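In what follows, a structure is listed as structure tokens, so that the remarks can point back to it.
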Amino acid sequence: MTKSSTTTIDRHLVHEVTSPQAFEGLRMTGRKVRAPEKTLAVVDHNVPTSDRSKGIEEQESRIQVETIAKNAAEFGIEYYSERDKRQGVVHVIGPEQGFTLPGTTIVCGDSHTSTHGAFGALAHGIGTSEVEHVLATQTLIQQKAKNMLVQVNGTLQGGVTAKDIALAIIGEIGTAGGTGSVIEYAGSAIEALSMEGRMTVCNMSIEGGARAGLIAPDAKTFAYLEGRPKAPKGAHWDSAVKYWETLKSDPGAHFDRVVTLDANNLPPIVSWGTSPEDVVSVLGSVPDPSLIADEVKRDSKTRALAYMGLTPGTKMTDIELDVVWIGSCTNGRIEDLRAAAKVLEGKTISSRLDYAMVVPGSGLVKEQAEAEGLDKIFINAGFLWREPGCSMCLGMNPDQLKPGQRCASTSNRNFEGRQGFKGRTHLVSPAMAAAAALAGKFVDIRTVG
Amino acid sequence: MQPFKTLTSTPAPMKVMNVDTDMIIPKQFLKTIKRTGLGVALFSEMRYDEQGKENPDFVLNKPAYRKSEILIAGDNFGCGSSREHAPWALLDFGIRCVISTSFADIFYNNCFKNGILPITVSPEDLDKLFDDADRGSNATLTVDLEAQEIRGPDGGTVKFEIDPFRKKCLMEGLDDIGLTMAKAPKIVNYETTSKIERPWL
């Protein structure tokens, strides 16, 4: 067992769901926030994505939103409310504001904090007691993680994306494969990804069980950050870049585990079950759990198929859908919306869908998309164009699946009930979700012209 | 935090792998601004049917396990979100120890902050403990944190590992924020150096 040690925290993101009890703890003990300037608060999980001018109807959600606003004011923390255009999913706004920087330690009471590792930061989710610990001390008690290298070489085929890389890795290592580890993603296919794509890959490190995921910062990282509101300026920028350029693994560095993935042959990936490790090529079929030797595993996968209402051997391209949802901290950034809009342009969604919805990751993503006319493409295709937030990724707001509804979703978790009680989630990339919306079922994006 | 020293209870077997935090406590219960009162919602979607009636097949609804303080579960327990509502719900129900072959990191950390002991055992030992648990109220386990062992109903023992700092905090019910605040001079020292080395932060 590795020893516990105290680590300082450079950046702390706070949202409304996992922070109220932490602030309450501070109040009860008379403690202050040690470094409010290193803390940024936003509301994202509970906010409705429909018109917000009338406020939040649902009482408990409203209380949680009001609570974070009150706490941020009381403890002197900068806060983006649901009426601020900088508001959005916490992991979208951190990078967008330049709050996320290379070489920093970043935490948030949210497991998808691993997203920020795309900038070469050590970023991970924490629980509410740890949120309180960071607020009070700007430190965290940590155990040293194991190192894991995921090497992705080659060139992705057209239509195959960062999301497919992420899902394929989880399929390979399993949802406990990264437990206790920090994953470094490297290789030519990772280097070729945009910052948005790198964020998608790092975002889903947690679905592979890893504590965090990271990518060495490079010229793309610096270009993304330069000029962002909270990024360093002038001489500080120059010295920061000089330091950031040193943040890479030494040649021959030791890794406890190395996994490789060939990007050249990677197909678009679709999940079939209720764990993010339950993935298959879009050209594949629903697997047969009765072939699994281990009893507990067999029962778990049989249960997953029953929940999903699928039978072994069904081709993924024969699975018909009721809902398509595009958004989340995994795939709610501008590049994701562009990829989906490109597929949808001049076309209309299938009449078998109950609805299709796109939720931009932040107010600024929404603004950018509207400036590019993407909103028109989505709306003309038959999509609902909504306000930013976590929305149906976890359904804490009114955007939820109904029992039995089957959804192609660009989010990160296909757990039972995740998107709504008895809702059925299939995880895919934005381009795959868009193509599925047109066909009403899964299609191989590589064949969509 | 309530100290954890030893615990004797009938263990409840939950033979499901990848039990995620959405299963432990679904999202509709995350809107609370309190830590308490979540026990009734523990495993809600498995424990109750759509009308809110108890599902008699669910392990914690069976007479032998309704008061279990030890939960034994399949691989990778607590995967998914960082919600501390998961250990809060377990604790509020009365569960103070979870045994599995592996735990998701954040859930594992969260347990210690709430006086819950998560124990990692080998797959072979897990099978043995599942067998013990299948005997229902005829079998109890004793978890001894000091000795770092689980004693079974037939005299068998399973040893387990735990980080010494976490063990101390759990056994004494310590508030680790207080412990860290006592290191304030060291933190200030680091912050001063860091400001010179990385002035852009």
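Just so we're clear, the structure is a prediction, and the values are computed from it rather than from any experiment. Computed over heavy atoms, backbone and side chain alike; hydrogens, waters and symmetry mates excluded. Protein chains get the first letters and strands the later ones, always in sequence-line order, with residue 1 at the start of each.
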Roughly how far, to the nearest 0.5 Å, is the OG1 atom of Thr274(A) from the CG atom of Asp20(B)?
-> 7.5 Å
Would you mind checking which part of Thr32(B) comes under 4.5 Å of any heavy atom in chain A, side chain (CB onward), backbone (N, CA, C, O), both or neither?
-> both
Sort out for me which of Pro276(A), Gly209(A), Gly395(A), Ala136(A) touches chain B most, counting heavy-atom pairs under 4.5 Å.
-> Gly395(A)
Of the listed residues (Thr139(A), Thr18(A), Asn412(A), Val131(A)), which shares the most heavy-atom pairs with chain B below a 4.5 Å separation?
-> Thr139(A)
Is the backbone of Asp22(B) close enough, under 3.5 Å, to the side chain of Arg418(A) for a donor and an acceptor to pair up by distance?
-> no
Under 4.5 Å heavy-atom distance to chain A, tell me which part of Pro199(B) shows up: side chain, backbone, both or neither.
-> both
Main-chain N/O of Gly103(A) paired with Arg198(B) side-chain donor or acceptor, under 3.5 Å | yes
Side chain / backbone / both / neither for Phe107(B) at chain A, heavy atoms under 4.5 Å = neither
Pick one of side chain, backbone, both or neither for Thr128(A), based on which atoms fall under 4.5 Å of a heavy atom in chain B.
-> both
Toward chain A, the part of Met23(B) with a non-hydrogen atom under 4.5 Å = side chain
Drop me the distance from Asp163(B)'s CG to Gln143(A)'s CD, to the nearest 0.5 angstrom.
-> 5.0 Å
So does Lys297(A) have more than 12 non-hydrogen atoms from other groups sitting under 6.0 Å from NZ?
-> no
Pick from Glu50(B), Glu197(B), Lys15(B) with the largest number of heavy-atom pairs that fall under 4.5 Å of chain A | Glu50(B)
Measuring heavy-atom distances to chain B, does Thr137(A) have an atom under 4.5 Å in its side chain, in its backbone, in both, or in neither?
-> both
Sort Ser181(A) into side chain, backbone, both or neither according to what part of it lies under 4.5 angstrom from a heavy atom of chain B.
-> backbone
With a 4.5 Å heavy-atom cut-off, do Asp105(B) and Thr179(A) have their side chains touching?
-> yes
Nearest 0.5 Å, what's the CG-OG distance between Asn18(B) and Ser275(A)?
-> 4.5 Å
More than 12 non-hydrogen atoms from neighbouring residues, nucleotides or ligands closer than 6.0 Å to NZ on Lys183(B), yes or no?
-> yes
Let me know if Glu277(A) has heavy atoms under 4.5 Å from chain B in its side chain, its backbone, both or neither.
-> side chain
With only heavy atoms counted, which part of Lys230(A) is less than 4.5 Å from chain B, the side chain, the backbone, both or neither?
-> neither
Please check if any side-chain donor atom of Ser82(B) sits under 3.5 Å from a side-chain acceptor atom of Asp110(A), or the reverse.
-> no
For the residue pair Gln59(A) and Lys31(B), establish whether any side-chain heavy-atom pair is separated by less than 4.5 Å.
-> no
Residue part contacting chain B, namely of Ser61(A), when any heavy atom lies under 4.5 Å = both
Nearest non-hydrogen partners of Leu30(B) and Gln64(A), listed with the distance | O-NE2, 2.8 Å
Quick one: do the Glu84(B) and Ser129(A) side chains pair a donor with an acceptor below 3.5 Å?
-> yes
Specify whether Tyr243(A) and Trp200(B) have parallel, tilted or perpendicular ring planes, treating 30° as the upper limit for parallel and 60° as the lower limit for perpendicular.
-> tilted
Given the rule in the side chain to side chain contact (heavy atoms under 4.5 Å, CB included) test, do Thr180(B) and His133(A) qualify, once you have shown the distances and angles that lead to the verdict?
-> CA-CA 8 Å; Thr180(B) 302; His133(A) 193 281; 2.7 Å; yes
Heavy-atom proximity to chain B below 4.5 Å, by part of Glu58(A) | side chain
Toward chain B, the part of Ser239(A) with a non-hydrogen atom under 4.5 Å = both
Is there a donor-acceptor pair closer than 3.5 Å between any side-chain N or O of Gln28(B) and the backbone N or O of Met396(A)?
-> no
Give a yes or no on this: more than 12 heavy atoms of other residues, nucleotides or ligands lie within 6.0 Å of atom CD of Glu295(A).
-> no
Based on non-hydrogen pairs under 4.5 Å, which of Pro232(A), Gly125(A), Ala240(A) is most in contact with chain B?
-> Ala240(A)
With a 4.5 angstrom heavy-atom cut-off, could you sort out which part of Asp175(B) is near chain A: side chain, backbone, both or neither?
-> side chain
Rounding to 0.5 Å, atoms CD (Gln138(A)) and OH (Tyr190(B)) come to a distance of 11.5 Å
Can you find a pair of side-chain heavy atoms, one from Ser81(B) and one from Arg413(A), that are under 4.5 Å apart?
-> yes
Exam field: side chain Glu416(A) to backbone Met46(B), donor-acceptor pair closer than 3.5 Å | no
Could you check which of His112(A), Arg11(A), Glu207(A), His124(A) has the highest count of heavy-atom pairs closer than 4.5 Å to chain B?
-> Arg11(A)
Hey, are Arg34(A) and Glu191(B) close enough for a salt bridge, meaning a charged N less than 4.0 Å from a carboxylate O?
-> yes
Going through the checks in order, is the side chain to side chain contact (heavy atoms under 4.5 Å, CB included) test met by Leu179(B) and Ile141(A)?
-> CA-CA 10 Å; Leu179(B) 293 176; Ile141(A) 300 167; 5.9 Å; no
Is a donor on one side and an acceptor on the other found under 3.5 Å between the side chain of Lys27(B) and the backbone of Gly417(A)?
-> yes
Please look at Ile33(B) and chain A and tell me whether the side chain, the backbone, both or neither of the residue comes under 4.5 angstrom of a heavy atom of that chain.
-> both
Proximity breakdown for Asp176(B) and chain A, heavy-atom pairs closer than 4.5 Å | both
Which atoms of Val19(B) come close to chain A, meaning under 4.5 Å heavy atom to heavy atom: side chain ones, backbone ones, both, or neither?
-> neither
Examine distances only and state if a side-chain atom of Ser300(A) and a backbone atom of Met17(B) form a donor-acceptor pair shorter than 3.5 Å.
-> yes
Step by step, work out the side chain to side chain contact (heavy atoms under 4.5 Å, CB included) result for Leu201(B) and Leu101(A).
-> CA-CA 9 Å; Leu201(B) 284 182; Leu101(A) 295 174; 4.0 Å; yes
Do other residues, nucleotides or ligands put more than 12 heavy atoms under 6.0 Å from Lys159(B) NZ?
-> yes
If you measure from the Lys or Arg side-chain nitrogens to the Asp or Glu carboxylate oxygens, is any gap between Arg35(B) and Glu24(A) under 4.0 Å?
-> no
Among Asn114(B), Val16(B), Asp75(B), which residue forms the greatest number of heavy-atom pairs with chain A at distances under 4.5 Å?
-> Val16(B)
Is Ile126(A) close to Asn109(B) at the side-chain level, that is, under 4.5 Å between some pair of heavy atoms?
-> no
